[in-house]
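Order of the sequence lines fixes the chain letters, A, B, ..., with proteins taken first and strands second; residue numbering starts at 1 for each chain.
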Amino acid sequence: MAIFSSDERQMLHDSINAFLRENYAFERWKKLARGPEMEGFGRTEWAKYAELGWLGVALPEWAGGAGGGMTELGIVLAAAGRHMVLEPLLGTIVLGARAIEEAGTQAQRATLLPRIATGGLVLAFCHAEPGGGYARDYVHAIARQEGGEFIVDGEKSFALGAHAADTLIVSARLGSQAGPLGLFLVPRDAGGVRLNVAPALDGRLGATVSFAGTKLARHARLGDDDEDRLATIDRLIDRGAIAACAEACGAMAAVTEATVEYLKTRQQFGQALAKFQVLQHRLVDMSVSGEEARAIVHAALQALDDNAPHAQRAVWAAKVQTARAARFVGGQAIQLHGGMGMTDELAIGHYYKRLTLCETLLGDGEFYLKKLGVAAVACAVA
Amino acid sequence: MFIHAMQHNSELDAFRTEVRAFCTREIPPQVARKQARGQHLEKDEYDAWLKRLGARGWLTGKWPKEHGGLGWPPEQFLAFQEELGRSGAPPLVSFGPTMAGPVIYTFGTPEQKKRYLGDIISNNTWWCQGYSEPGAGSDLAGLKTRAVREGDQYVVNGQKIWTSMAHWADMMFALVRTDPNAKKQEGISFLLIDMKSPGITVRPIIGITLGHHLNEVFFENVRVPVENRIGEANKGWTYAKFLLANERVGNVDVAKLEAYLHQIRSLLEATREGGKALAEDPAFQRRLAEHEVGLATVKALMADQLAAARANGAPSLMGAAALKLRGTELVQAILQTGIDALGRHGMVYQSAALHAGWNGELIGPEESADVIYEHLYRRAATIYGGSSEVQKNISAKGALGL
C-alpha cells in the first residue's frame, strides 16, 4: 500500500474541502436532498467525485485507485461530514469496497473495484436485522445452495443508500441458521427483493430490504468457499464505524465554527452574545470536544492502517468518545442558536441530525462502551 | 423548610379514579387511536377534547374559586396531570389556563375578567404568546413592536417570532413598546390582541421536526382597543414577569413527562439487541431508574412551588428556576433514551407517518416517528420560556443577589 505523506494528505484535505465549499453550499444541499428525482443525492456529484479521485482514494492503484488507507478515507469522510454530503460514500467506498477487497475472489475484485473508482457502482451494506440491534453476529437470513445457485430468504434493517445501490452487499447464513456467515452481491432489482424506502433522521434516504426466494448465481457470493465471514464483517463494521466518526468530526468542526460566528454577530443586552463569559466557555467546551474526537479518531485510523494489535479497541474507544462529543456539540449548537437553531431553514438543525445519525451508525457510544468493558474483563482473565 | 402541608395521597384516590374513568369514557376513539400511534391531532379534534375537560372546569382546576376555578391544592393538580399522562390523553395547552388567565384575573379589569376568563375555562378561545421578536430573545425587554395610542385605540406595528400555535389562536397576549424613550423595561405595555384583527399576518416556520408549530406574526397598523390593555400603560413588564414566573412552573408538564416515560419504556420493550429486549439490559434499566428519580424530583419541586405560589402569591425564584432547569433537562434525557433505542432500527424518521391518512409502511416500532419528533421539538425546551442560561442569570441576580 502506498502510504500518503503528510503533504499529500494536506493536499487531499484542502482540495476536497475547496471543491465542496465551492460546489456544495447549503442551498445546493437542499436541492439535492429534496430534489424531484427522489434519490436524495446527486448523480452528477457522484460522477464528479469519481473524476476527482475521491471514490478510489483507498482502492489499489491497479483498480484505478490512489492506494491510500483508512486515514485517507477518513479525510474524505470528514470533508463529507463538514459539508453534509448526501452521496452514498460510506456504503460504497468504505463498507462496500472493503467487503469486496477482503472477501472477494481475484475475479470479483478485478471486475468490481475499478467500477467503484469510476463511479459506476453504488453499494449498500445490508447486514443488521430486525431484533439484532447493533449486535454484529445476529443474522437469520439464509442462503441455500440449489444446483448452481443460491436462494436467499430473510430481512434486513434500514440501510443507508440501499434505495439507490446497484448492488447490495448482504450477509446470510449458508444452508441453515447454524451455518457459517457468507456475504453476497445482490442486484437491487433481483427477483424477490423488496425495498421499503424511507428517510433517515438526517434526510438521507435508505431502505429496509427483504428477500423472498431471491435467486443468485454462484459467483454472487463474495469468495468461493464456505468459510465463515464473521471476522471479515467485524473488520468491515469497525471500518464503517470509524468512518462515521470521521464524518462526525467534520460536522462538529463546521457547526462549532458556525456557532462562534453567530454569537459574534447576535446582539442581546446591548452586546454580542460572544462577549458573555459563560457562552465563551461553552464555545471552548464545544471546541475541546471536537479536538478530543479528532485526535482519538486520527489515532484509530492510524492503528487500522498499521494493523496494530490494539486497532479494534482503538476504534471502539474512538466511537465512544466521538458519540459523546457529537451529542454535546450538536446539542449546544442548537442551544446557542436559540430559536434559529430549531428551524429547517438553517443548516444548524441539519448538522444536529447528521451528528445524531453518525453517533448511532453501526453502534452507538453506549454499545461500544459495553464491548470495551467485556473486552477489558476478558483481557484481565487471559 | 418542609413547611407547607401536603394533602394526603389517599384523599386524592377518589379524584384519580374519577379522572381515569373520565379519560376512558371521554377521549374520542379517533383521538385515542391517533394518540396511541403518536399521530398529530387536527385542531378540531384537539379542541373537542379540551372542551370536554373544560366543561368540568378541569383545564383551570387550580385557579381560585372566585375566578371560576376549582381551587385545587397543588397535589390535586399534580394528580390530575399524572392521570392524564398515564391515560394517553392529548397534552394540555398552557397559553390560556396557565399564562393568560392568571394575568387577567390578577391584574385585569372586571370587564376583562368577564370577557375572557369564561372562554379560557371552557376552551372557547385559543391563546398564543406574543413575546419573542427577531431582536429580542434572551433579552426580551429589548422588544421593538410599537403601539402608538390614537384616541381609544393602539396602532400596533412590528413582528413577533417563535409564536407557538399562532395559526390556531383566536387571541394573543403581547408585549408592545408604548414609550420608546423610557428605559427599556419601563416603556412596555401588555395587550390582548384579537388574532382576526386586520393587519395581522401569520407565517409558518417549519421546524427541524419538519412540522409546523412555530410562526412569525407580523403587525401592520393593527388597531387594538385601549380597553384590551392589562393594567397600566408602560407597566407591562411587571405583568410579563408575573406571567414568566408562572410559565417557568407551567412549562414543565408532568403529564407529558409521564407519557414520554411510558412511551420510552414500551420502546425499550419493543427494541431488541441480539434478540434480547433493551428493557432487560442493565444499562437501560439504570437509565430508566435515573429518569424515575428525575421525575420524582421534578414532581416534588412542582408541588413545592405550587404550594409556595398559593401561600405567597408567587413561586420562589430559585425554586421556579430549579423546576424549569431540571424539568427541561429531564424531558431531553428521557427522549434521548428513546433516540438511543431507535438507533437500533436505523434512526429512520418517517415524519409523514405523524399525519392520519398516511398509508406507507412503518419501519420499527409504532411510536418511532413520534419519539423522534418530540426529541427534536424538545431541543427547544431549554430555550423557550427563558433559556437555561437566562434562568441562571435571573437566579444569580434575583435570588442570590449577585
Side-chain angles (χ1 to χ4, degrees), chain A residues 128 130-138 140 157-160 196-203 206-208 266-270 273 276 278-279 282 327 330-331 334-346 348-350 352-353 356-357 359-367 369-370, chain B residues 132 134-142 161-162 184 205-211 213-214 271-278 281 283-284 287 332 336 339-353 360-364 372 375-377 379-380 382-384 387-389 392-393:
Chain A
Y134 298 131
R136 293 176 169 193
D137 55 356
Y138 188 89
H140 289 89
S157 299
F158 181 82
L160 274 182
N196 182 14
V197 179
L201 173 63
D202 67 354
T208 60
R266 171 74 173 168
Q267 300 278 323
Q268 291 282 273
F269 306 101
L273 283 180
F276 289 89
V278 70
L279 301 185
R282 198 82 55 81
R327 184 170 295 188
I334 290 185
Q335 181 70 23
L336 298 187
H337 273 81
M340 293 307 293
M342 288 296 296
T343 64
D344 183 58
E345 203 179 317
L346 242 70
I348 298 303
H350 296 278
Y352 175 81
K353 295 178 187 180
T356 303
L357 203 72
E359 199 193 312
T360 53
L361 270 178
L362 302 166
D364 65 10
E366 288 289 316
F367 173 79
L369 197 60
K370 198 190 268 180
Chain B
S132 295
S138 294
D139 184 11
L140 181 59
I161 196 166
W162 319 125
K184 60 183 186 178
I205 297 173
I206 301 305
I208 59 174
T209 57
L210 307 180
H213 178 87
L214 301 169
T271 304
R272 285 167 294 147
E273 187 143 88
K276 203 170 146 193
L278 291 184
D281 179 336
F284 276 95
R287 288 174 71 175
Q332 293 179 346
Q336 183 64 55
I339 287 295
D340 291 346
L342 291 176
R344 270 95 180 161
H345 301 280
M347 203 63 86
V348 177
Y349 183 34
Q350 293 168 297
S351 57
E361 190 185 334
L362 270 180
I363 294 172
I372 292 191
H375 164 78
L376 293 171
Y377 175 59
R379 291 310 316 175
T382 47
I383 298 171
Y384 57 58
S387 69
S388 296
E389 290 79 5
K392 289 176 186 174
N393 283 344

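- Taking OG1 of Thr356(A) as the reference point, atom CZ of Arg379(B) lies at 8.0 Å (rounded to 0.5 Å).
- For Phe269(A) against Lys184(B), the heavy-atom pair with the smallest separation is CA-NZ, 4.1 Å.
- With values rounded to the nearest 0.5 angstrom, Asp364(A) atom CG is found 4.5 Å from Arg344(B) atom CZ.
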Show your reasoning for whether side chain to side chain contact (heavy atoms under 4.5 Å, CB included) applies to Phe367(A) and Asp340(B). CA-CA 10 Å; Phe367(A) 173 79; Asp340(B) 291 346; over 6 Å; no
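- Distance CG/Leu336(A) to CD/Glu389(B): 6.5 Å, rounded to 0.5 Å.
- In this structure, chain B has a heavy atom under 4.5 Å from the side chain of Tyr352(A), while its backbone stays farther away.
- Interface summary for chain B: among Ser157(A), Gly365(A), Pro199(A), Gly206(A), the most heavy-atom pairs under 4.5 angstrom belong to Pro199(A).
- Listed here is the closest heavy atom pair of Ile383(B) and Gly339(A): CG2-N, 4.0 Å.
- Residues Glu273(B) and Tyr134(A) approach most closely at OE2-N, 2.8 Å, considering heavy atoms.
- Contact record, Phe158(A) with His345(B): CB-O, 3.8 Å, taken as the closest heavy-atom pair.
- Remark: side-chain polar atoms of Lys353(A) are paired, donor with acceptor, to backbone N or O of Ile208(B) under 3.5 angstrom.
- Within the 3.5 Å criterion, the main-chain N or O of Gly207(B) finds no donor-acceptor partner in the side chain of Glu345(A).
- In this structure, a donor-acceptor pair under 3.5 Å is absent between the side chains of Gln335(A) and Ser387(B).
- Side-chain N or O atoms of Gln268(A) include one that pairs as donor or acceptor with a backbone N or O of Gly137(B) at under 3.5 Å.
- In this structure, the portion of Leu279(A) lying under 4.5 Å from any heavy atom of chain B is its side chain and not its backbone.
- Look at Arg287(B) and Glu366(A) and you find no salt bridge, because none of the NZ, NE, NH1 or NH2 atoms lies under 4.0 Å from a carboxylate O.
- In this structure a side-chain-to-backbone donor-acceptor pair under 3.5 Å is present from Asn196(A) to Glu361(B).
- No part of Arg136(A) comes within reach of chain B, as not one of its non-hydrogen atoms sits under 4.5 angstrom from that chain.
- Taking OG1 from Thr209(B) and CG from Asp344(A), the interatomic distance works out to 8.5 Å, rounded to the nearest 0.5 Å.
- Shortest non-hydrogen contact noted between Tyr349(B) and Leu201(A) is CB-CA, 3.7 Å.
- Residues Tyr138(A) and Arg272(B) share a closest heavy-atom pair of OH-NH1, 4.2 Å.
- With a threshold of 4.5 angstrom between heavy atoms, Ala136(B) approaches chain A through N, CA, C or O but not through any side-chain atom.
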